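Shown next, in structure tokens, is the structure this report addresses.
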Amino acid sequence: SAAGVQTCSDCAAGRYSTATGATSCAGVCAPGKYSSATGLSSACTNKCALGKFSLAAAVACDDCEVGKYANTTGSFKCKVCVAGTSQPQVGQSDCNACADGLLSNVD
């Protein structure tokens, strides 16, 4: 005869279940939020910090790429630095205005 389920398992990081007796962890962290914890029973509440973003079901947030920024917490995408500004570093919350004698163009 088949063996019955002996233990219940935690929902994976980035996912949650609010239902008793669940057979799956249907909830996922919303874009801009994350959770590295397992076994969550409610929606993810950790927001990505400035300069970072996340997609749905994130375990952690990623740094914005060079040339991009995120100036609000809980970002789900990074904004592009506009012409006349630049950002040579990853994970930043703003772009730098070009100094006198310098320029930048957006391709």
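Given the structure is predicted, the values throughout are model-derived calculations rather than measurements.
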Legend entry - Closest approach of Phe53 to Phe76 (non-hydrogen atoms, all atoms of both residues): CD1-O, 3.8 Å
Legend entry - NZ-SG distance between Lys79 and Cys95, expressed to the nearest 0.5 angstrom: 10.0 Å
Legend entry - Other ILVMFWY residues reachable from Leu40 by side-chain steps of under 4.5 Å: Tyr16
Inset, instruction - List, by chain and number, the other hydrophobic cluster members for Leu55, where Ile, Leu, Val, Met, Phe, Trp and Tyr join if side-chain heavy atoms come within less than 4.5 Å, directly or indirectly. - result: none
Inset, instruction - Drop me the distance from Lys33's NZ to Cys61's SG, to the nearest 0.5 angstrom. - result: 11.5 Å
Inset, instruction - Can you sort out the partners of Lys77 under side chain to side chain donor-acceptor pair (under 3.5 Å), two or more places apart, ordered by chain and number? - result: none
Legend entry - Residue list, side chain to side chain donor-acceptor pair (under 3.5 Å) with Asp94, at least two apart or on another chain: none
Legend entry - Those residues that, when tested against Asp63, pass side chain to side chain donor-acceptor pair (under 3.5 Å) (two or more places apart): Lys52
Legend entry - Ser54 side, atom OG; Lys47 side, atom NZ - distance, nearest 0.5 Å: 11.5 Å
Legend entry - Minimum heavy-atom distance between Tyr34 and Cys29, given as atom pair plus value: C-SG, 3.8 Å
Inset, instruction - Any chance you could measure Cys81, atom SG, to Asn96, atom CG, to the nearest 0.5 Å? - result: 7.5 Å
Legend entry - From CG (Asp10) to OG (Ser17), nearest 0.5 Å: 11.5 Å
Inset, instruction - Please name all residues satisfying side chain to side chain donor-acceptor pair (under 3.5 Å) with Thr72, sequence neighbours left out, ordered by chain then number. - result: Ser75
Inset, instruction - Check step by step if side-chain contact (heavy atoms from CB on, under 4.5 Å) holds for Leu50 and Thr73. - result: CA-CA 5 Å; Leu50 297 175; Thr73 59; 4.2 Å; yes
Legend entry - Flag, side chain of Ser104 to backbone of Gly84, donor-acceptor distance under 3.5 Å: yes
Legend entry - Smallest separation among heavy atoms of Val82 and Thr85, with atom names: O-OG1, 2.6 Å
